[in-house]
Asker: 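This is the structure, below, for whatever I ask next.
Throughout, a chain's letter reflects where its sequence line sits, starting with A, and its residues are numbered from 1.
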Amino acid sequence: MQELSKTYSPKDVEDKWYSYWEDRNLFHATVQKNKTPFTVVIPPPNITGILTMGHVLNNTLQDVFVRWKRMSGYEACWVPGTDHAGIATQNAVEKSLAKEGKHRYDLGREKFVELVWEWRQKYGSTIIRQLRKLGVSCDWKRERFTMDEGLSDAVKEVFIRLFDKGLIYRGKYIVNWCPQHQTALSDDEVDHEEANGNLYHIKYPILGTNEFAIVATTRPETMLGDTALCVHPKDDRYKHLVGKTAVLPIVNRHLPIIADEYIELGFGTGVMKVTPAHDANDFVLGQRHELSQINIFDETAHLNTSVPKQYQGMDRFECRRQLVKDLEALGCMAKIEPYVHNIGKCYRCHTIIEPWLSDQWFVKMRPLAGPALRVVHEGKIKFHPDRWAKVYEHWMTNIRDWCISRQIWWGHRIPVYYTSDGAYTAARNENEARKKLGVAPDAAIRQDEDVLDTWFSSWLWPFSTLGWPNDNEELHYFNPTDTLVTAPDIIFFWVARMVMANMEFMKGTPGKDGKPRKKDDDLVPFRDVYFTSIIRDEQGRKMSKSLGNSPDPLDVIDQYGADALRFTTAFLAPLGQDVLFSTEKCELGRNFANKIWNAGRFLLMNKQEIFGDNEISLDKLPAEHLDLADRWILSRLNQAIKTMNEKLDEFQVNEATKLLYDFIWHDFCDWYVELAKTRFYGDEPQDVKRASITRALWIFDQALRLLHPVMPFISEELWQHLANRKGASLMRADFPVVDARYINQTIEDEVGFMMKLIDAVRNIRGELNVPPSKQVDVYIYLHGEFGEKLAVNAEYVKGLLGYIERLCKAKAIPTWLQEGEKPKQHKNSASAVADGTEIFIPLEGIIDLDAERKRLEKEIARVQGLIDSIERKLSNPSFVAKAPKDVVAKEREKQKNIGVNLEKLKANLAAWS
RNA sequence: GGGCUCUUAGCUCAGUUGGUUAGAGCGCUACCUUGACAUGGUAGAGGUCACAGGUUCGAGUCCUGUAGGGCCCACCA
């Protein structure tokens, strides 16, 4: 057997086990009718992306769930894949083109798209490679891409079905236009930011009078597109103006003055200019009053030919400056005051959005939203934490139509075809389009130039990845999926839309029972949605590329190991709270890994010592020679198994992780392993030693199984060392199932009492600075119920005290005292009381009298405080009358026990004075 | 403006049906290289649980309000 290194070295084991699992197909899931599926679809990362801490958290959590379910007997299937990320990817490629001084128009559409595909071949799998380093157990054979053939078919199919149903329409609309990308953005892709601007007060002369109407605006340049002025119908200041005509300065266009309740009384001057082509609200207002729309910008937000010559070709901001000057020269600028307002910016390039009138495609969302709202409301889909359900419901009840066209080249081209006279339809190809349009088979036809919003493919993810629209068994078996783990900021972009799509398009597809689905239960895309925390840096800022505050997870893995990173992330991420992360925090996980490693090393050393090279089996618990410590750890273990399963069921991954930490570090390493040493190193018969080490290994084996979902690499490495696994893997081993027979509170109390004795002795040594090299005697009174048990279990206590012996490198020799008996040198002893049992440690010559007095006084004060609080309760008649009986009884019991402690402590203190 | 959320030890945070004098990790202090582990062990210091009311026998936990932080949605030209 090879020696294990003194510290755990992740680099030596991680890649080895990942290939082992992958080579043996252990990630792969298939339709298995006798097993319940557990399906997770990955939120597909962008092909432009590199692994961030957000991905680490998200994928660690998914892997924990998937590995846990896989070990628990489910057919666990985790479908991975990537997103083509239209705008982001096009951006990336255009950037590299720009380095060669080229623009996409230089190449033309076809060549450019070809280039993007090349780019995707080259760089698009980076994040997938990085994910493997994290240890994720994705079913890589099912990896999909939102633009691969199958998914493109799904996109087309969905578009055509919605189009034929009348749920997709084309319309002139004010969209959020990014002049940089020259494409429309959905409302959600616009970030609103506060900005310091000005409120310009411009005078509009009223025709046929000497009056002016003063209009306040933040964007004077849009006045070139004004087609009306508007006031509130109830505004007495301006009632007389309604129906009159104003003159647009500089342009001299005549503007009708209209009245509309949209105007907010009390804001600005009370008169608003109406620019239907360049403001979403004005657009609606303009439609209501049948105003003309004058578009003054081209697609790059430069002034077009519909404005006076001197402004044509100017950039919008340049035009603003010039216009302000000109208005001032004309005396039309009443005043300019500083003004803070919100402006919309492109979420990708931060360019200021221009509300722009253009032809776009939309999906009518209301008909789809109804069922999606219902399933969340009725709990068919559960959100964790559930407060997100409220956010979801609010958005869904106020849902607006979805602008799905994008004026870029990289993406799914809209499957709409036009005849030369403008008729159009949606079709799978040109021929089908001609048929649907009823034109000749050779008629000229052209496809829409636009592509679809990236989310138009990702909203189909839970079924398109499983082969839809082709009917197949895997789709029936793995959809609905089970748990979706995603960030709350894409609840509308993605989560809500997936619910709508799955419910709409899976209707009639056979379910697990082979019958066509009808019920909501079978139509939902997933049952649980876990919303991850947002990972922030230590200052609480969101991690972002531009801030450069996001540690590279690969560096972290390199430095600390994937398990350490996974553990730390899971440990730090409570359900529903943001996480402040820093690389150094991974020491927590690294130290834990090292602790586990050394526990394993210790057990293996002793196995070697006792068994030599003979192999052992850990198939079942070696139940011979069970002693108190064994019964105790078995109780603790089963408690841990129970709680672990419960916490994971409740999506409390951080709690499950904490539990692992406490069980392995404190219960197993601090106490059980230390107790086991008394047997490994003692003069027990060989068969007792054999049973002991085998049992310790068996417990450790169980602990590694519990650990595996969170720390797959180190658990597998150690698990393989514990016994000859004959080619098996921990990732396919059984997850521990609680055996309630082993949970034994009495034993835990007994051991707990002994621990208190040990703690008391340690406390004396620690506080009185008794050097470790100093041998001490320990006198223990046998007292009460536990006292009797102590006498019975004297051997265990000796063992426990032997533990002190090793820790302190000093002998601690227990002597049993009967009630009333006094230890020798009582006067010079330090003392403690644990659950009524007195301990004396004679410390003639070394003891500092003042120190011991202080120590006792401190302890008395603590216990006195406890007693006082109990007495306050018990002397309150209402408490005794109204509190539940068991609570009162517990208090009385406590009062009695602690009272005894207090008396003895006081007596001991008195002995000093 | 509407909604959500947070405020607990020096720092970062747990604490899900209200019931021991509130826990962890890091940091800090003291002691310890012992036959798994100094990425370790033992002991210790450190909190009027943001504030003010209320409900209750009992509140970190439930309710109301206040102050401060964060997020989301909608936006007034």
Side-chain angles (χ1 to χ4, degrees), chain A residues 4 6-8 187 192 199 215-219 222 230 262-264 266-269 271-275 279 281-282 341-342 385 387-388 390-391 394-395 398 488-489 491-492 534 536 538 540 542 560 564 568 571-572 574-582 584-585 587-588 590-606 650 652 654-655 658 661-662 669-670 673-674 677 680-681 759 762-773 804-809 862-863 865-866 868-870 873 876-884 886-888 890-891 894 898:
Chain A
L4 268 54
K6 195 168 170 183
T7 49
Y8 173 57
D187 288 340
H192 290 275
L199 200 53
V215 171
T217 178
T218 52
R219 300 199 56 197
T222 63
C230 187
Y262 167 75
I263 300 299
E264 188 170 326
F267 184 87
T269 61
V271 188
M272 191 182 84
K273 64 193 217 43
V274 186
T275 322
D279 183 282
N281 293 308
D282 292 13
H341 62 129
N342 284 326
R387 66 185 139 89
W388 290 106
K390 273 188 222 162
V391 179
H394 181 259
W395 188 77
N398 297 291
D489 51 355
I491 185 169
F492 309 131
I534 292 170
R536 298 171 182 280
E538 284 200 295
K542 240 178 167 167
Y560 295 102
T568 305
F571 189 89
L572 287 176
L575 185 56
Q577 293 300 313
D578 290 353
V579 173
L580 304 193
F581 181 87
S582 69
E584 300 76 56
K585 284 185 174 169
E587 286 179 17
L588 171 68
R590 181 203 56 185
N591 294 353
F592 184 45
N594 196 54
K595 186 75 183 178
I596 299 164
W597 181 253
N598 275 290
R601 209 158 72 96
F602 170 77
L603 294 178
L604 289 168
M605 279 170 54
N606 283 283
E650 292 161 14
Q652 310 257 10
N654 72 315
E655 298 259 339
K658 278 184 180 125
Y661 186 88
D662 287 337
C669 293
D670 286 353
V673 168
E674 292 305 329
K677 283 177 181 172
F680 299 164
Y681 298 145
D759 283 341
R762 282 177 182 169
N763 178 269
I764 288 170
R765 296 195 74 126
E767 294 243 313
L768 298 183
N769 271 324
V770 179
S773 51
I804 306 177
E805 191 177 309
R806 274 186 311 285
L807 283 173
C808 305
K809 210 180 182 178
R862 190 184 70 86
V863 176
L866 246 166
D868 289 349
S869 100
I870 294 168
K873 278 186 201 170
N876 181 348
S878 312
F879 174 75
V880 181
K882 292 186 182 172
D886 59 315
V887 172
V888 179
K890 228 165 90 186
E891 291 297 319
K894 258 176 8 196
I898 297 168

Asker: Taking the side chain of A:M605 as its heavy atoms from C-beta onward, which of B:C57, B:A36, B:U16 lies nearest to it?
Answerer: B:A36
Asker: Write down the distance separating the C1' atoms in B:G41 and B:U34, rounded off to the nearest Å.
Answerer: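 Taking atom C1' in both B:G41 and B:U34, they lie 9 Å apart.
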Asker: Regarding A:P488, tell me which of base, sugar-phosphate or nothing describes its non-hydrogen contacts under 4.0 Å with the strands shown.
Answerer: nothing
Asker: Heavy atoms, side chains only, cut-off 4.5 Å: are A:V888 and A:F879 in contact?
Answerer: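 Contact flag for A:V888/A:F879 side chains = yes.
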Asker: Roughly how far, to the nearest 0.5 Å, is OG1 of A:T217 from NZ of A:K273?
Answerer: 4.5 Å
Asker: Whole angstrom is fine here: how far is it from CZ in A:R590 over to P in B:C37?
Answerer: 16 Å
Asker: Judged by atom type as modelled, is there a donor-acceptor pair below 3.5 Å linking the side chain of A:N598 to the main-chain atoms of A:K6?
Answerer: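 Yes, the answer is positive, given that a donor and an acceptor are paired below the 3.5 Å cut-off.
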Asker: What I'd like to find out is whether the side chain of A:D279 reaches to under 4.5 Å of the side chain of A:T222, using heavy atoms alone.
Answerer: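 A:D279 vs A:T222: side chains apart.
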Asker: I'd like the C1' distance from B:G47 over to B:G10, given in whole Å.
Answerer: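 Straight-line distance between the two C1' atoms is 11 Å.
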Asker: For the side chain of A:T217, counting heavy atoms from C-beta on, which of B:A77, B:A14, B:C73 is nearest?
Answerer: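 In terms of side-chain proximity for A:T217, the closest of B:A77, B:A14, B:C73 is B:A77.
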Asker: So which one's nearest nucleotide on RNA chain B is more toward 5', A:G600 or A:K390?
Answerer: A:K390
Asker: OH/A:Y661 to CG/A:N654 distance, rounded to the nearest 0.5 angstrom?
Answerer: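 Answer for the OH-CG pair, A:Y661 versus A:N654, is 14.5 Å.
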Asker: I need the CZ-C1' distance between A:F571 and B:A14, as an integer number of Å.
Answerer: 8 Å
Asker: Pairing of RNA chain B as dot-bracket, 5' to 3': ( ) intra-strand, [ ] crossing, | other strand, . unpaired, with Watson-Crick or G-U pairs under 3.5 Å?
Answerer: (((((((..((((.....[...)))).(((((.......))))).....(((((..]....))))))))))))....
Asker: B:A14 base to A:Q652 side chain: any donor-acceptor pair below 3.5 Å?
Answerer: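 Counting by modelled atom types and ignoring angles, no donor-acceptor contact under 3.5 Å is found here.
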Asker: Please produce a list of atom pairs where a protein N or O lies less than 3.5 Å from an N or O of nucleotides 43-48 of chain B.
Answerer:
{"unit_1": "B:A43", "atom_1": "O3'", "unit_2": "A:N763", "atom_2": "ND2", "d": "3.3"}
{"unit_1": "B:G44", "atom_1": "OP1", "unit_2": "A:N763", "atom_2": "ND2", "d": "2.8"}
{"unit_1": "B:A45", "atom_1": "OP1", "unit_2": "A:K858", "atom_2": "NZ", "d": "3.4"}

Asker: If you draw the axis of the six-membered ring of A:F602, does the NZ or CZ of A:K677 fall within 45° of it and under 6.0 Å from the ring centre?
Answerer: yes
Asker: Using whole Å, report how far CG of A:N591 lies from P of B:A36.
Answerer: 19 Å
Asker: From A:D886 CG over to A:E891 CD, what is the distance, rounded to the nearest 0.5 angstrom?
Answerer: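 Rounded to the nearest 0.5 Å, the CG-CD separation comes out at 10.5 Å.
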Asker: Can you identify which nucleotide, out of B:C57, B:U5, B:U16, has its nearest atom closest to the A:R387 side chain?
Answerer: B:U5
Asker: Starting from P on B:U34, measure out to OH on A:Y681 and report it in whole angstrom.
Answerer: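 Rounded to whole Å, this separation is 14 Å.
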Asker: Which nucleotide, B:A36, B:G19, B:A77, lies nearest any side-chain atom of A:N598?
Answerer: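 Ranking B:A36, B:G19, B:A77 by closest atom to the A:N598 side chain puts B:A36 first.
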Asker: Just to confirm, is there a sub-4.0 Å distance from OP1 or OP2 of B:A36 to any side-chain nitrogen or oxygen of A:K677?
Answerer: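 So the side chain of A:K677 is within the cut-off, an N or O lying under 4.0 Å from OP1 or OP2 of B:A36.
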Asker: Enter the distance from A:K658:NZ to A:L572:CG here, rounded to the nearest 0.5 Å.
Answerer: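 The CG atom of A:L572 is 8.0 Å from NZ of A:K658, to the nearest 0.5 Å.
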Asker: Expressed as a whole number of angstroms, how long is the span from A:L199:CG to B:A77:P?
Answerer: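 Rounded to the whole Å, the gap is 8 Å.
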Asker: Base, sugar-phosphate alone, or nothing: which one does A:Y661 contact when heavy atoms must sit under 4.0 Å apart?
Answerer: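 The answer is sugar-phosphate, as A:Y661 gets under 4.0 Å only of primed atoms, P, OP1 or OP2.
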Asker: Taking all non-hydrogen atoms of both residues into account, name the closest pair between A:L4 and A:W597 and its distance.
Answerer: CG-CZ2, 3.6 Å
Asker: Rounded to the Å, how far apart are A:R765 CZ and B:U42 P?
Answerer: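 After rounding, the reported distance stands at 14 Å.
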Asker: Choosing from B:G19, B:C57, B:C37, which nucleotide comes nearest the side chain of A:V887?
Answerer: B:G19
Asker: Using the C1' atom on both, measure B:U55 against B:U29 and round to a whole Å.
Answerer: 44 Å
Asker: Any side-chain to backbone donor/acceptor pair from A:N594 onto A:Y8? Under 3.5 Å, distance only.
Answerer: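 Judged by distance alone, yes, a pair lies under 3.5 Å.
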Asker: Given the C1' atoms of B:G1 and B:G54, what is the spacing between them in whole Å?
Answerer: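 Here B:G1 and B:G54 have their C1' atoms 29 Å from each other.
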Asker: Expressed as a whole number of Å, how far does the P atom of B:G70 sit from that of B:U12?
Answerer: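 Rounded to whole Å, the distance is 15 Å.
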Asker: Do other residues, nucleotides or ligands put more than 12 heavy atoms under 6.0 Å from the NZ atom of A:K894?
Answerer: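 More than 12 heavy atoms, drawn from other residues, nucleotides or ligands, come within 6.0 Å of this atom.
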Asker: Taking the P atom in each of B:U66 and B:G23, what is the distance between them to the nearest angstrom?
Answerer: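 The answer is 34 Å between these two P atoms.
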Asker: Take the protein atom NZ of A:K658 and the nucleotide atom P of B:U16, then report the distance between them rounded to whole Å.
Answerer: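 Going from A:K658 (NZ) to B:U16 (P), I get 12 Å.
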Asker: Determine the interatomic distance between C1' on B:U61 and the same-named atom on B:U20; round to the nearest Å.
Answerer: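 Rounded to whole Å, the distance is 16 Å.
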Asker: Tell me the interatomic distance from A:K873, atom NZ, to B:G18, atom P, rounded to whole angstroms.
Answerer: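 In whole Å, B:G18 P lies 15 Å from A:K873 NZ.
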Asker: Roughly how far apart, to the nearest Å, are B:G69 and B:C51 at atom C1'?
Answerer: 15 Å
Asker: Between A:R762 and A:D759, is any pair of side-chain heavy atoms under 4.5 Å apart?
Answerer: yes
Asker: Ignoring the backbone of A:R601, work out which of B:A36, B:U39, B:C57 is nearest its side chain.
Answerer: B:A36
Asker: RNA chain B: A:K6 or A:N876, which has the more 5' nearest nucleotide?
Answerer: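 On the 5' side of the pair lies A:K6.
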Asker: Side chains of A:T568 and A:F592, heavy atoms from C-beta outward: is any pair under 4.5 Å?
Answerer: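 Of all side-chain heavy-atom pairs linking A:F592 with A:T568, none is under 4.5 Å.
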Asker: What's the closest nucleotide to the side chain of A:K894 if the choices are B:U20, B:C4, B:A36?
Answerer: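 Given the options B:U20, B:C4, B:A36, the side chain of A:K894 is closest to B:U20.
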Asker: Which atom pairs link the protein and nucleotides 69-72 of chain B when you take only N or O atoms and keep those under 3.5 Å?
Answerer:
none

Asker: When all nucleic acid strands are considered with a 4.0 Å heavy-atom cut-off, which category describes A:I263: base, sugar-phosphate, or nothing?
Answerer: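 Base: the residue A:I263, judged by heavy atoms under 4.0 Å, touches a nucleobase.
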Asker: In Å and rounded to the nearest 0.5 Å, what is the NE2 to CH2 distance from A:H394 to A:W388?
Answerer: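 It is 14.0 Å, given to the nearest 0.5 Å.
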